[in-house]
Every structure is written in structure tokens, then in C-alpha cells.
Amino acid sequence: MALSRVCWARSAVWGSAVTPGHFVTRRLQLGRSGLAWGAPRSSKLHLSPKADVKNLMSYVVTKTKAINGKYHRFLGRHFPRFYVLYTIFMKGLQMLWADAKKARRIKTNMWKHNIKFHQLPYREMEHLRQFRQDVTKCLFLGIISIPPFANYLVFLLMYLFPRQLLIRHFWTPKQQTDFLDIYHAFRKQSHPEIISYLEKVIPLISDAGLRWRLTDLCTKIQRGTHPAIHDILALRECFSNHPLGMNQLQALHVKALSRAMLLTSYLPPPLLRHRLKTHTTVIHQLDQALAKLGIGQLTTQEVKSIGVELGWENGCRFPAA
């Protein structure tokens, strides 16, 4: 009797057939949590792991949007001025991130097809140029924020000097208009100084015809008359050799040209010449790409940005700059 009970127990554990009786037959099921006795569960009660993760992520996103909306409404009601700055900052981050992704796509396409910068279309070339300037300003802010507790000082400086430390994405609409006027005033201040330097070097020009043309050009500018394009192109030889070649210009003349181009003028003269050469080369490449595109294809915003960068006034470019 004892031997038969032992054999029956072993056969039940190892899944052997057992004679049905008044005992309830049980199954040994292997679950995720280990061995468990019980009736088999239906597969319809279980969701796949991917569906579980998808539902969880959808729930988290929905709750996050709801909380974010409540936070925005709270700031708008109780702190309206701070809410305006907060909104501009968040939108600026989104625009900067979008610019970074677009710049990455352009660079990737350049690497794949072995395209140089000057071979890009106008809009891609302008986007890369502007993005480089924005990244340089952001890197400067990051460097001065490295010392301990310096980030609090940086926030204060950004609030007090937004034009110098912030990129255009973080300017308010009023600041954008005001800053454009400031940049235009900077250019106008530098133009008389540039003209005076041109008049000083006129006697040093060996060709009498070029001397007369340059004198006439300076006179027209001082009277407020914009010279014709052919008047400027006729003087191309003067600016490629002595005394108006880039390497022959005086330091004060180079600083005045840098200010007219909205470049810093507080660097040593060799660095100023190098930076001025690079900047004018990029402008020349942009002009060539713009000629291929056609001025009629530009949007209003693109025309305004070109005017700010190159110093246009009433649709004309300043010759002295």
C-alpha cells in the first residue's frame, strides 16, 4: 500500500498518466514567477510587451501634456511678464534645435556627395553661415558658465545684454526691431571714417584715371548719392593692389571696415585682416549663389536679413562697406 502511494506521487509530479478517481487532477504549470499549481490561464488575458510599453508611453505623454498645460496657464495668470520670457525662451530652443537638425542634414549631404561650401544653394549656404554664428555665441556663453555659480551671473548678463549675448531666436519682436536700428546706426557711424581713409590714399594711386574716379566716388557718397554699379566696378583694380589692397590697409582702416561689417574691432590687426578676408569671401560666395537663385525668389524675411548683414539702405548696398 505504501509502495503504491509513492509510485502514484512520482507519476503525478513527472506528468505520468494517473488513474482518475475521486482525487482532482492538477497540472503543473511553469509560469514567469516559478512553479505554481492552478488552472491554465487564457492567453487572451495577457498583452504583448510591446503593447504594454506603447500604452504606458501614451499615458505618460498624455499626462505630461496635461500638466504642462496647467503649468502654462498658472504662469500666464500669476506671472505674465515671466511667462512672456519663458515662452520666448522655449520657442527659441525649439527653433535652435530645428536649425541644428537642418544644418546636420546639409553637412551630411556635403560629406556624402563631396560638396564644398561655395557649391551649395543660396539658402543652404546662408543657413550654415548663420548657424555657425549662433553656435559660436552659444559656445561663448557655455565657456563663461563653467566656473562654479557662474551660471547665475550669466543669466543676469543675458537679461541685461540680450543683443550681445543672445542669438536672434531669443529676442522679443520689439528687441528685433530695436537691434536692427542699432546695427544700422553702427554702420552709419563707420562710413564717414571709411571715406576719410579713402580720400587720404587717393594721392598714392599711380593711375590718374583711377584717382579721378575714386575722388568722384567719394564726393557722390558724401553728398548722399548712391553711385552706379559701373562706377564701383571701374575701381576694382585700386582695391586689388597698393595702397587699398587688404594687406596694405592701415590698422585704423581695417578696424573701421570691421565695424561696418558688424565684426569686432578689438583684435590685433593681423587677426582683423584675416577675419575680414574670410567674411568678404563668404559674402562673395553668397552673392554668386544668390545670382543663381534670382533675387525675385527671395522672401521678405530673407531680404531683410540680407540687408542687415550686408548694410543695405533703401534697397542699395553701401559702397564703402
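Atoms considered below: every heavy atom in the structure, side chains included; atoms not considered: hydrogens, waters and symmetry mates.
Using a cutoff of 4.0 Å between basic side-chain nitrogens and carboxylate oxygens, Arg163 and Asp178 are not scored as salt-bridged. Look at Arg168 and Asp99 and you find a salt bridge, because one of the NZ, NE, NH1 or NH2 atoms lies within 4.0 Å of a carboxylate O, short of that distance. With respect to the salt-bridge test (charged N to carboxylate O, under 4.0 angstrom), the residues Lys102 and Glu124 do not qualify. Between Arg123 and Glu302 there is a salt bridge, since a side-chain N of the basic residue sits under 4.0 Å from a carboxylate O of the acidic one. Ion pair Arg129/Glu126 flagged as a salt bridge, since at least one NZ, NE, NH1 or NH2 atom sits closer than 4.0 Å to an Asp/Glu carboxylate oxygen.
Inter-residue side-chain proximity for Leu157 and Gln164 is flagged as unmet; no heavy-atom pair is nearer than 4.5 Å. Proximity of Leu244 to Leu214: side-chain heavy atoms (C-beta onward) are separated by under 4.5 Å at one or more points. No side-chain heavy atom of Ile88 sits under 4.5 Å from any side-chain heavy atom of Trp171. For the pair Lys107/Leu128, a side-chain contact is recorded, criterion being any heavy-atom separation below 4.5 Å from C-beta on. Residues Leu293 and Pro121 fail the side-chain proximity criterion, which asks for heavy atoms closer than 4.5 Å.
Judged by the 6.0 Å and 45° rule, Arg132 forms a cation-pi pair with Phe117.
Scanning for side chain to side chain contact (heavy atoms under 4.5 Å, CB included) contacts around Arg104 gives Thr108, with sequence neighbours left out.
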- Message: Could you walk me through whether Leu198 and Phe239 satisfy the side-chain contact (heavy atoms from CB on, under 4.5 Å) test, starting with their C-alpha distance in whole Å, then the side-chain angles of each, then the deciding distance to 0.1 Å, before giving a yes or no?
- Response: CA-CA 11 Å; Leu198 289 178; Phe239 294 91; 4.0 Å; yes
- What's the verdict on salt bridge (charged side-chain N to carboxylate O under 4.0 Å, His left out) for Glu193 and Arg259, showing C-alpha distance, side-chain angles and the deciding distance? CA-CA 10 Å; Glu193 188 176 1; Arg259 288 192 295 270; 2.7 Å; yes
- Message: side-chain hydrogen bond (donor to acceptor under 3.5 Å, both in side chains) for Gln130 and Asp134? Distances and angles first, verdict last.
- Response: CA-CA 6 Å; Gln130 186 62 53; Asp134 295 341; 3.3 Å; yes
- Task: Start with the C-alpha gap between Gln119 and Gln285, add the side-chain angles, then the distance that decides, and say whether side-chain hydrogen bond (donor to acceptor under 3.5 Å, both in side chains) holds.
- Result: CA-CA 9 Å; Gln119 297 174 332; Gln285 293 170 352; over 6 Å; no
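Proximity of a side-chain donor or acceptor of Arg273 to a complementary backbone N or O of Met246 within less than 3.5 Å is detected. For the pair His274 (side chain) and Pro270 (backbone), a donor-acceptor distance under 3.5 Å is absent. Without hydrogens or angle criteria, Thr215 side chain to Arg211 main chain gives a donor-acceptor distance under 3.5 Å.
Ile205 and Tyr197 fall into different hydrophobic clusters, where Ile, Leu, Val, Met, Phe, Trp and Tyr side chains are chained together by heavy-atom contacts under 4.5 Å. Both Ile115 and Tyr122 belong to a common hydrophobic cluster when Ile, Leu, Val, Met, Phe, Trp and Tyr are linked at side-chain heavy-atom distances under 4.5 angstrom. In the hydrophobic clustering of ILVMFWY residues, with side-chain heavy atoms under 4.5 Å counting as a link, Leu166 and Ile144 come out together.
Closest approach of Phe179 to Pro162, counting heavy atoms only: CZ-CG, 3.9 Å.
Taking a 6.0 Å sphere around NE2 of His242, one finds it holds more than 12 heavy atoms contributed by other residues, nucleotides or ligands. Applying the 6.0 Å contact sphere to CD of Gln250 captures no more than 12 heavy atoms from other residues, nucleotides or ligands. Annotation for Arg213: atom CZ does not count as buried by contact number, only 12 or fewer foreign heavy atoms lying within 6.0 Å. Within 6.0 Å of atom CD in Gln248, more than 12 heavy atoms from other residues, nucleotides or ligands are found, so the atom counts as buried in its surroundings.
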